[in-house]
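One structure is given here, and the rest of the page talks about it.
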Amino acid sequence: MSADVCAVVLAAGEGRRLRPLTEHLPKALCPVGNVALLDRALERVQHLGLDPAVNACYLGHLVAEHVGSRAHLSVEPGDPLGTAGGIGLLRDWIGGRGVLVGNADAYLASELAPGADIAALLDGWDGDTVRLLGVPGPPYEFGSHRFAGFSLLPWDLVKGLEPEPSDLVRLAWRPAERQGRLEVVEYPGTYLDTGTPADYLAANLHAVHGENLVAADAVVTGTLDGAVVGSGAHVAGRVSGGVVWPGGVVAAGETLRQAIRVGRSLTVPAN
């Protein structure tokens with residue numbers, strides 16, 4: 001990699017499609033395999049040795065508290081600014097560098113370690129092209145691929161982005177595509193955007209390979225069959241292909257199947 005590059009993890013969105021889960025936590029902090037999505041994204045860019053920033057807006061105080069000193073924090077006033085507006089608000093911090101932009105809600109898994117799995121986005125980059133991580137198959141957003149959560153932007157495009165509601169598809173990716181400046185780098189593994197309860201549940205079950213994952217301080221006296229049980233949770237009933245959030249409860253005689261449990265009574269089915 002010859003060009004100077006930083007990283008921005010986008011964590012400001014409301015996660016409307018993931019409601020009612022995101023009425024309790026911002027999407028970026030929703031756990032997958034008992035690890036917050038944001039932590040998965042930060043681990044990925046930090047293993048690449050990149051200086052990271054995180055943007056926040058919806059329930060931004062929770063994101064800020066979670067990030068702490070691990071990354072530069074950009075808190076957006078009012079409503080979320082979108083993918084391009086969020087980068088525009090960070091222009092001064094970016095300061096002439098290229099930017100690896102990652103969606104916090106992107107679940108990525110491959111045989112390669114986090115960071116190494118997306119390193120091809122940076123390898124040999126000339127600082128001029130726009131690169132997108134992609135996976136083959138529909139919806140065919142860019143040639144035979146669909147976007148897989150990470151993109152690499154040159155400074156000459158970033159410097160024109162304003163801190164106002166806007167998106168990278170319209171202001172950066174499609175213009176670069178028309179100019180012949182866009183490259184798709186294929187991801188060698190599984191990608192899910194976790195934007196819906198079905199995809200969020202699928203990501204959790206994929207992360208544990210269909211086995212059971214139980215936090216060290218969870219209490220399980222019931223039966224698990226392909227379950228993710230978070231910190232401080234109590235399971236006295238049965239969980240089959242389900243996720244119990246930290247502090248969640250599945251009572252004796254109760255079955256949680258293909259769903260997410262929050263607290264004692266909120267059940268969000270995959271469908």
Side-chain angles (χ1 to χ4, degrees), residues 7-45 52-67 70-71 73-87 89-90 101-109 133 139 141 146-151 164-170 190-207 228 230-231 242-248 258-263 265-271:
V8 174
V9 177
L10 300 174
E14 296 180 46
R16 295 181 181 181
R17 293 181 300 150
L18 203 53
R19 290 176 178 169
L21 294 175
T22 47
E23 294 173 1
H24 298 264
L25 281 178
K27 181 167 58 173
L29 299 189
C30 290
V32 169
N34 284 341
V35 178
L37 282 162
L38 178 56
D39 291 341
R40 290 177 174 271
L42 282 175
E43 178 188 26
R44 194 161 260 111
V45 300
V54 173
N55 74 337
C57 186
Y58 173 71
L59 297 179
H61 65 289
L62 296 179
V63 175
E65 180 180 346
H66 189 86
V67 171
R70 292 183 294 160
L73 188 69
S74 173
V75 179
E76 300 173 5
D79 295 328
L81 292 173
T83 54
I87 300 298
L89 191 62
L90 279 160
V101 182
N103 293 345
D105 62 356
Y107 170 77
L108 297 167
L133 196 66
E141 298 166 321
R146 61 189 176 98
F147 177 59
F150 279 81
S151 64
E164 57 190 30
S166 51
D167 64 83
L168 289 174
V169 176
R170 183 172 54 89
T190 297
Y191 160 72
L192 293 166
D193 75 358
T194 71
T196 66
D199 283 343
Y200 172 72
L201 178 60
N204 268 278
L205 299 182
H206 186 277
V228 179
S231 177
V243 176
V244 183
W245 269 20
Q258 292 293 306
I260 303 102
R261 170 60 52 85
V262 180
S265 58
L266 175 60
T267 301
V268 181
N271 58 0

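Below, all heavy atoms of this structure are taken into account, side chains as well, without hydrogens, waters or symmetry copies. Numbers here are sequence positions counted from 1.
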Legend entry - Heavy-atom pair of closest approach, residues Gly86 and Asn55: CA-ND2, 4.1 Å
Inset, instruction - Output every pair passing salt bridge (charged side-chain N to carboxylate O under 4.0 Å, His left out) with a member in residues 24-36, not counting sequence neighbours, ordered by first then second residue. - result: Lys27-Asp105
Inset, instruction - Check Ala203 against Thr194 and note the closest heavy-atom contact, atom names and distance. - result: CB-CG2, 3.8 Å
Inset, instruction - First locate atom CG of Leu192, then atom OG1 of Thr190, and finally report the distance between them rounded to the nearest 0.5 Å. - result: 7.0 Å
Legend entry - From Leu37 atom CG to Cys30 atom SG, the distance as rounded to the nearest 0.5 Å: 6.5 Å
Legend entry - Leu133 vs Leu108 side-chain heavy atoms within contact, under 4.5 Å: yes
Inset, instruction - With rounding to the nearest 0.5 Å, note down the distance linking CZ in Arg40 to CD in Glu43. - result: 8.0 Å
Inset, instruction - Could you pull out the closest heavy-atom pair between Ala56 and Ala12, with the gap in Å? - result: C-CB, 3.8 Å
Inset, instruction - Working to the nearest 0.5 Å, report the span between CD1 of Ile260 and CG of Leu266. - result: 9.0 Å
Legend entry - Smallest separation among heavy atoms of Val45 and Phe150, with atom names: CG1-CE2, 4.0 Å
Legend entry - Under the ring-ring contact (aromatic ring centres under 6.0 Å, His included) test, residues paired with Tyr107 that sit two or more places apart: His206
Inset, instruction - Flag the pair Trp245 / Ser231 as yes when at least one side-chain heavy-atom distance between them is below 4.5 Å, and no otherwise. - result: no
Inset, instruction - Find out whether Thr22 and Arg19 are in side-chain contact, i.e. whether some heavy atom of one side chain is under 4.5 Å from a heavy atom of the other. - result: yes
Inset, instruction - Please examine the side chains of Leu10 and Val8, heavy atoms only from C-beta on, and report whether any two atoms are closer than 4.5 Å. - result: yes
Legend entry - Gap separating the CG atom of Asn103 from the OH atom of Tyr191, nearest 0.5 angstrom: 6.5 Å
Inset, instruction - Could you tell me which residues satisfy ring-ring contact (aromatic ring centres under 6.0 Å, His included) with Phe147, sequence neighbours excluded, listed by chain and number? - result: Trp173
Legend entry - Intermediate values then yes/no, side-chain contact (heavy atoms from CB on, under 4.5 Å), Leu25 and Val262: CA-CA 11 Å; Leu25 281 178; Val262 180; over 6 Å; no
Legend entry - Any donor-acceptor pair under 3.5 Å from Arg17 side chain to Pro197 backbone: no
Legend entry - Backbone of Ala84 reached by a side-chain donor or acceptor of Ser166 within 3.5 Å: no
Inset, instruction - Give the minimum heavy-atom separation between Leu42 and Ala71, together with the two atoms involved. - result: CD2-CB, 4.3 Å
Inset, instruction - Answer yes or no: is there a donor N or O on one side and an acceptor on the other, between the side chain of Thr196 and the main chain of Asp199, under 3.5 Å? - result: yes
Inset, instruction - Compare all side-chain heavy atoms of Leu38 with those of Val63 and state whether any distance is below 4.5 angstrom. - result: yes
Legend entry - Asp167 (side chain) donor-acceptor with Gly82 (main chain) under 3.5 angstrom: no
Inset, instruction - Please confirm whether the backbone N or O of Ala270 pairs with a side-chain atom of Gln258, one donor and one acceptor, at under 3.5 Å? - result: no
Legend entry - Reported CG-to-CG distance for the pair Asp39 and Asn34, which is rounded to 0.5 angstrom: 12.0 Å
Inset, instruction - Grab the two heavy atoms, one from His24 and one from Leu62, that are nearest each other, plus how far apart they are. - result: O-CD1, 4.4 Å
Legend entry - Non-hydrogen side-chain atoms of Leu201 and Val243 separated by less than 4.5 Å: yes
